Student: 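The structure that follows is given in the form of structure tokens.
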There are 2 protein chains.
Amino acid sequence: MKTTAQLFKALSEPIRLRILALLTSGERCVCDLMAALNLPQSTISRHLSFLRNGGLVTGRRGGQWMYYQLSIDDNPLSQQITRWLRDELVALPQSQEDQQALTAYLATKDKKACGRKAPGHQ
Amino acid sequence: MKTTAQLFKALSEPIRLRILALLTSGERCVCDLMAALNLPQSTISRHLSFLRNGGLVTGRRGGQWMYYQLSIDDNPLSQQITRWLRDELVALPQSQEDQQALTAYLATKDKKACGRKAPGHQ
DNA sequence: TGACCATATCTGCTTATGCGGATATAGATA
DNA sequence: TATCTATATCCGCATAAGCAGATATGGTCA
């Protein structure tokens, strides 16, 4: 019961929903999310840690980067939620704007390496 | 997006989940919920008001009593949640204990009228 | 009307969570 | 090793939300 409440709490914040919507299109690193949502790094990381605790995303380290993706869980609630993320959440106007911003950013990324001067990564 | 977050927030608290589980078996008044959950009236009412704001329950007045029931909404998320409440949430051990406490209380209710001395209602 | 009951809301307090800048850590590279 | 990048966590602060007792409101019934 408490675990379930925690899962819903992870979903109860607009920025976290926006992050989840972005992750439906694939694994992303923190800097991608910063760029797409135009929010400070500490804000993104804090929300990601909340999502991790709620079991909604998992991260893997790849070099200096942390890549996050939607976590696939086998309980019915997680599966219903995942379906909802992919079918409904992504259709909201805000999600689509964010996805466009992400796409635009990714298009220039190899020149910028997360907005700075190093070579691109993936 | 904000509305959606608000809906999840309503689901993000154990006591509220317990209330929702109890309401799957039908309309209940505040005093039924107080008795089943063994919590003070102000606590129950506060959570009900949160659930009302999240669009998860509706209340109707019947005499001195307020009867709450799960609200039937037509958007996909609400429907998925309603299905989850009925299929999964009610199966948790805590939900079943609460339901038993409610049933036991209802069996003696006509003698007690919400735990006091007036005649029973329904 | 007056007493009583059920419920909502207020109050004062505590804890959880949000924020963004600052700092700490880990990997990459020179 | 020194330095740079990416990310996590810490900090101080502000707001939201939890709690339970107290009070206000609205209905019932004598």
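Each chain gets a letter, A, B and so on, in the order its sequence line appears, and its residues count up from 1. Just so it is clear, the model here is predicted, and its values are computed rather than measured.
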Student: Please report, rounded to the nearest Å, how far the C1' atom of D:dT15 is from the NZ atom of B:Lys9.
Tutor: 10 Å
Student: So, OP1 or OP2 of C:dT9: does either fall under 4.0 Å of a side-chain N or O from B:Arg46?
Tutor: no
Student: At less than 4.0 Å, is any side-chain N or O atom of A:Thr43 found next to OP1 or OP2 of C:dG20? Yes or no.
Tutor: yes
Student: Quick one: on DNA chain D, does A:Leu48 or B:Leu39 contact a more 5' nucleotide (nearest heavy atom)?
Tutor: A:Leu48
Student: According to a strict under-4.0 Å criterion, is A:Ser42 in side-chain N/O contact with OP1 or OP2 of C:dG21?
Tutor: no
Student: A:Tyr68 side chain N/O closer than 4.0 Å to the phosphate oxygens (OP1, OP2) of D:dA6?
Tutor: no
Student: Would you kindly check if the NZ (Lys) or CZ (Arg) of A:Arg16 is within the cone defined by 45 degrees around the ring axis of A:Phe50 and under 6.0 Å from the six-membered ring centre?
Tutor: yes
Student: Are OP1 or OP2 of C:dG18 and a side-chain N or O of A:Arg16 less than 4.0 angstrom apart?
Tutor: yes
Student: With distance as the sole criterion, do the side chain of A:Gln41 and the base of D:dA8 form a donor-acceptor contact below 3.5 Å?
Tutor: yes
Student: So A:Trp84 and B:Phe8, would you call those rings parallel, tilted or perpendicular, with 30° and 60° as cut-offs?
Tutor: perpendicular
Student: Within the structure, does a side-chain N or O atom of A:His47 lie under 4.0 Å from either OP1 or OP2 of C:dC19?
Tutor: yes
Student: Base, sugar-phosphate or nothing for A:Ile44? Non-hydrogen atoms, less than 4.0 Å.
Tutor: nothing
Student: Going through the checks in order, is the salt bridge (charged side-chain N to carboxylate O under 4.0 Å, His left out) test met by B:Glu88 and B:Arg83?
Tutor: CA-CA 8 Å; B:Glu88 313 291 336; B:Arg83 213 171 322 122; over 6 Å; no
Student: Side chains of B:Val57 and B:Leu20: does their closest heavy-atom pair fall under 4.5 Å?
Tutor: yes
